[in-house]
J.: 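Following this message is one structure expressed as structure tokens.
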Amino acid sequence: LAKTTQPISMDSYEGQEVNITCSHNNIATNDYITWYQQFPSQGPRFIIQGYKTKVTNEVASLFIPADRKSSTLSLPRVSLSDTAVYYCLVGEWYGGSQGNLIFGKGTKLSVKP
Amino acid sequence: DTAVSQTPKYLVTQMGNDKSIKCEQNLGHDTMYWYKQDSKKFLKIMFSYNNKELIINETVPNRFSPKSPDKAHLNLHINSLELGDSAVYFCASSQEASGRDQYFGPGTRLTVT
């Protein structure tokens with residue numbers, strides 16, 4: 001699984017757009033980029049997934065440049081309920097990889113009123 | 001209806017005991033997983049099962065054994081519990097064996113005293 005690097009924390013205010021960038025320099029050809037959201041005392045929740053260019057769903061957008069060495073999760077007009085930890089995960093797990101499949105510490109987003 | 005459920009939610013036990021955590025998913029997914037989230041919030045995959053076959057076996061102690069009676073269930077049995085086993089354990093499932101788009105359970109907080 002490709003190693004990812006994210007900011008440890010970010011602060012924002014309600015109504016703002018938040019962009020969280022993840023670096024994954026050693027991403028492999030078959031790897032997908034997935035973002036999860038985790039609230040305290042809950043399991044992670046899938047947000048969005050992409051391979052290249054741009055993906056948009058009802059929750060967020062994911063921007064992936066041509067070299068795929070980074071990706072940006074964009075949350076439009078955040079609210080207080082978006083305060084959570086956001087994990088970037090890169091990899092293709094099928095095949096029985098024995099690598100370290102670790103989510104990492106993620107980015108703790110704090111949205112203020 | 002809960003998509004992925006785990007029981008118990010909290011488990012406090014003494015060192016040396018044997019305990020099990022149950023997981024059930026009603027999504028009709030083909031693959032289920034167990035993750036461990038430690039005190040530093042790292043979320044690390046332990047096992048995954050696809051159609052009753054173990055396809056990822058992370059380097060965890062053999063005191064941990066996943067048991068899948070059917071496609072909808074993946075239980076985690078732990079023998080001879082140690083202090084270091086204290087963590088939150090999450091069950092997850094996905095339609096594809098690649099691990100994309102996983103749905104997580106609420107977690108089981110295990111405390112070993």
Side-chain angles (χ1 to χ4, degrees), chain A residues 1-9 22 27-52 55 57-60 62 64 71 84-109, chain B residues 2-7 9-10 21 23-25 27 29-51 53-60 74 87-111:
Chain A
L1 199 69
K3 181 180 178 180
T4 60
T5 303
Q6 304 173 233
I8 294 176
S9 64
C22 178
I27 188 170
T29 302
N30 293 332
D31 286 345
Y32 276 72
I33 301 160
T34 311
W35 285 81
Y36 287 85
Q37 174 192 56
Q38 186 177 26
F39 297 112
S41 301
Q42 293 187 25
R45 182 175 74 99
F46 172 87
I47 300 176
I48 197 167
Q49 184 180 79
Y51 184 80
K52 61 180 180 180
V55 179
N57 61 22
E58 65 278 5
V59 177
L62 179 60
I64 306 169
S71 58
V85 177
Y86 292 82
Y87 294 98
C88 165
L89 195 63
V90 173
E92 175 65 62
W93 301 340
Y94 186 67
S97 170
Q98 292 294 318
N100 291 322
L101 304 177
I102 303 175
F103 272 52
K105 289 189 175 182
T107 298
K108 186 175 182 179
L109 173 65
Chain B
T2 303
V4 182
S5 60
Q6 298 177 226
T7 54
K9 188 172 184 179
Y10 299 97
I21 306 172
C23 177
E24 177 182 1
Q25 56 96 3
L27 297 166
H29 286 169
D30 288 332
T31 308
M32 297 182 71
Y33 312 81
W34 275 106
Y35 286 84
K36 177 182 180 181
Q37 189 167 39
D38 58 26
S39 58
K40 296 182 179 180
K41 302 301 182 183
F42 283 109
L43 194 65
K44 182 175 181 179
I45 193 168
M46 300 177 71
F47 302 103
S48 73
Y49 256 73
N50 176 260
N51 292 327
E53 294 185 25
L54 184 66
I55 59 172
I56 300 175
N57 190 354
E58 189 50 37
T59 55
V60 298
L74 183 64
V88 180
Y89 292 84
F90 289 100
C91 176
S93 72
S94 67
Q95 182 59 46
E96 297 181 14
S98 64
R100 305 172 197 163
D101 193 2
Q102 295 183 58
Y103 289 77
F104 282 78
T108 296
R109 181 173 293 278
L110 171 65
T111 302

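Every heavy atom of this structure was used, including side-chain atoms; hydrogens, water molecules and symmetry mates were not. Every chain is numbered from 1, with letters handed out A, B, ... down the list of sequences.
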J.: Can you tell me which portion of Y103(B) sits under 4.5 Å from chain A's heavy atoms? Options are side chain, backbone, both or neither.
T.: neither
J.: Counting only heavy atoms from other residues, nucleotides and ligands, does the tally under 6.0 Å from CZ of F104(B) exceed 12?
T.: yes
J.: Which atom pair, heavy atoms only, marks the closest approach of Q102(B) to F46(A)?
T.: O-CB, 3.8 Å
J.: Contact part of Q37(B) toward chain A, heavy-atom cut-off under 4.5 Å: side chain, backbone, both or neither?
T.: side chain
